[in-house]
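Below: the structure, in structure tokens.
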Number of protein chains: 2
Amino acid sequence: MRRDVFQAIADPTRRAIITLIALQAMTPNALAEHFDTSRQAVSKHLKILTECELVEQTHQGREIYYQLNVNKMKEVDKWLEQFRKIWEKRFNQLDNVLANLKNKK
Amino acid sequence: MRRDVFQAIADPTRRAIITLIALQAMTPNALAEHFDTSRQAVSKHLKILTECELVEQTHQGREIYYQLNVNKMKEVDKWLEQFRKIWEKRFNQLDNVLANLKNKK
DNA sequence: TATATGTGCAACCTTTTGGTTGCGCAAGTT
DNA sequence: AACTTGCGCAACCAAAAGGTTGCACATATA
């Protein structure tokens, strides 16, 4: 199933999962301990995250370690780029204003 | 109503609206022309975007101009910061590998 | 004043979301 | 071989999302 990264990071639990596995790979059971939901619910979140390729699996015996595919997060970063340009423009404009004030002094 | 920025940018239509009004303030009618939905549907999206403070209104006669509050987008940028750190770390590690290869040559 | 225009809101409907429980099954453990 | 553990999947459910249409109500315009 084709999934959207933005839709995947919309849920706060999923964002927390992402933050956790960014540091180190974790199993569904280990993850579930951090939340007030069932293991199956966490498993569903992991499925969604896997489908949009934000997360990858590593099988180890009967355990499955989930880890973050940090590169996929760049899609969000890329979308933000257009707004970053605006911040910078605003910032430079402010800079000019300050420079003008200085000159007038 | 308290709204989440991440939930707000999850919808593709809303992201398109944001991109449009990032360039210049627009009315709901003008926006609706860009999409294959009713004006009321666009209005609903604008309401959600306004509730989470991603968008601001300017009343002008009977028209309402909506514009982006670009600062709010920094919340997303701030969340991405943790992953940017990882990118940079990986990049530096790759850099070290390349440097080592060079030295061995 | 009568009419046209721009807008938000409410009611309604279908699909999606996020959770639950119950199950099956492979992989370890006794 | 029997039991325990880790996991995914399916069925089910309530709530939320995203769309529609109809309406009310200001604000132009004739």
Side-chain angles (χ1 to χ4, degrees), chain A residues 1-21 24-69 72 76 79, chain B residues 1-21 24-69 72 76 79:
Chain A
M1 193 197 298
R2 201 80 205 101
R3 285 274 186 180
D4 186 14
V5 184
F6 290 92
Q7 191 267 337
I9 64 170
D11 184 83
T13 305
R14 280 199 290 271
R15 283 202 302 281
I17 290 176
I18 289 172
T19 298
L20 280 170
I21 62 174
Q24 59 175 343
M26 293 177 77
T27 65
N29 263 325
L31 276 169
E33 286 176 11
H34 289 79
F35 303 100
D36 195 26
T37 58
S38 66
R39 176 189 58 79
Q40 286 91 332
V42 171
S43 225
K44 266 195 176 183
H45 285 306
L46 286 171
K47 194 183 178 191
I48 290 168
L49 291 171
T50 305
E51 277 168 0
C52 74
E53 296 174 316
L54 262 174
V55 153
E56 287 161 354
Q57 306 177 358
T58 308
H59 291 256
Q60 196 165 324
R62 66 181 163 186
E63 293 184 328
I64 304 178
Y65 284 86
Y66 287 86
Q67 71 221 43
L68 181 63
N69 172 20
K72 193 68 179 181
V76 182
W79 186 72
Chain B
M1 194 197 296
R2 202 80 202 100
R3 285 272 186 180
D4 189 24
V5 183
F6 291 91
Q7 190 267 338
I9 64 170
D11 184 83
T13 304
R14 281 200 289 272
R15 284 202 302 281
I17 289 177
I18 289 172
T19 298
L20 280 171
I21 63 173
Q24 59 174 344
M26 291 177 78
T27 65
N29 263 327
L31 276 168
E33 285 175 13
H34 289 79
F35 303 100
D36 196 25
T37 58
S38 66
R39 176 190 59 78
Q40 284 92 333
V42 172
S43 223
K44 265 193 178 183
H45 286 306
L46 287 170
K47 193 183 178 187
I48 290 168
L49 292 171
T50 306
E51 278 168 0
C52 76
E53 297 175 317
L54 263 174
V55 154
E56 289 160 353
Q57 307 177 358
T58 308
H59 291 256
Q60 195 166 326
R62 66 182 163 185
E63 293 184 326
I64 303 178
Y65 284 86
Y66 287 86
Q67 71 219 43
L68 181 65
N69 173 19
K72 192 69 178 182
V76 182
W79 186 71

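Quick caveat, the model's predicted, so the values are computed rather than measured. First the proteins, then the strands, lettered A, B, ... as listed; each starts at 1.
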- [ ] Output the distance between atom CG (Leu49(A)) and atom CD (Gln57(A)), rounded to the nearest 0.5 Å.
- [x] 11.0 Å
Open item on the list: I need the Ile18(A) CD1 to Thr13(A) OG1 distance, nearest 0.5 Å.
Closed with: 11.0 Å
Do you know which two heavy atoms are closest between [X] and [Y], and how far apart they sit?
{"X": "Leu54(B)", "Y": "Leu68(B)", "answer": "O-CD1, 3.2 Å"}
{"X": "Trp79(B)", "Y": "Thr19(A)", "answer": "NE1-OG1, 3.9 Å"}
{"X": "Val42(A)", "Y": "Pro28(A)", "answer": "CG1-O, 4.2 Å"}
{"X": "Leu46(A)", "Y": "Thr50(A)", "answer": "O-OG1, 2.6 Å"}
{"X": "Gln7(A)", "Y": "Arg3(A)", "answer": "OE1-NH1, 3.4 Å"}

To the nearest Å, give me how far apart [atom1] ([X]) and [atom2] ([N]) are.
{"X": "Asp4(B)", "N": "dA16(D)", "atom1": "CG", "atom2": "P", "result": "15 Å"}
{"X": "Lys44(A)", "N": "dT17(C)", "atom1": "NZ", "atom2": "P", "result": "11 Å"}
{"X": "Tyr65(A)", "N": "dC7(D)", "atom1": "OH", "atom2": "C1'", "result": "13 Å"}
{"X": "Glu51(A)", "N": "dG18(C)", "atom1": "CD", "atom2": "C1'", "result": "14 Å"}
{"X": "Leu46(A)", "N": "dG19(C)", "atom1": "CG", "atom2": "C1'", "result": "15 Å"}
{"X": "Ile64(A)", "N": "dT5(D)", "atom1": "CD1", "atom2": "P", "result": "18 Å"}
{"X": "Ile48(B)", "N": "dC9(C)", "atom1": "CD1", "atom2": "P", "result": "12 Å"}

Task: Interface residues of residues 33-40 of chain B with DNA chain C (non-hydrogen, below 4.0 angstrom) - done: Arg39(B), Gln40(B)
- [ ] Please list residues of residues 5-19 of chain B whose heavy atoms come under 4.0 Å from any atom in DNA chain C, ordered by number; otherwise none.
- [x] none
Is the phosphate of [N] approached by [X] (side-chain N or O, under 4.0 Å from OP1 or OP2)?
{"X": "Asn29(B)", "N": "dT7(C)", "value": "yes"}
{"X": "His59(A)", "N": "dG6(D)", "value": "no"}
{"X": "His45(A)", "N": "dT17(C)", "value": "no"}
{"X": "Ser43(A)", "N": "dG8(D)", "value": "yes"}
{"X": "Tyr66(A)", "N": "dG8(D)", "value": "yes"}

Task: Protein proximity profile, nucleotides 24-30 of chain D - base contact B, sugar-phosphate-only contact S, no contact -, cut-off 4.0 Å on heavy atoms - done: ---BS--
Task: Distance-only donor-acceptor test (3.5 Å): side chain Lys47(A), base dG8(D) - done: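 No.
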Open item on the list: Quick check: do Phe35(A) and Leu20(A) have side-chain heavy atoms less than 4.5 Å from each other?
Closed with: yes
- [ ] Taking the side chain as every heavy atom from C-beta outward, state whether Ile17(B) and Val55(B) have any atom pair closer than 4.5 Å.
- [x]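 Side chain of Ile17(B) against side chain of Val55(B), heavy atoms only: no contact under 4.5 Å found.
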Task: Where at least one partner belongs to residues 53-63 of chain A, residue pairs that pass salt bridge (charged side-chain N to carboxylate O under 4.0 Å, His left out), sequence neighbours excluded - done: Glu53(A)-Lys72(A)
Open item on the list: Under the salt bridge (charged side-chain N to carboxylate O under 4.0 Å, His left out) definition, can you give me all pairs with a residue in residues 5-18 of chain A, not counting sequence neighbours?
Closed with: Arg15(A)-Asp4(B)
TODO: Could you list the residues that satisfy side chain to side chain contact (heavy atoms under 4.5 Å, CB included) with Ala10(A), not counting sequence neighbours?
DONE: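 Ala10(A) satisfies side chain to side chain contact (heavy atoms under 4.5 Å, CB included) with Ala10(B) only.
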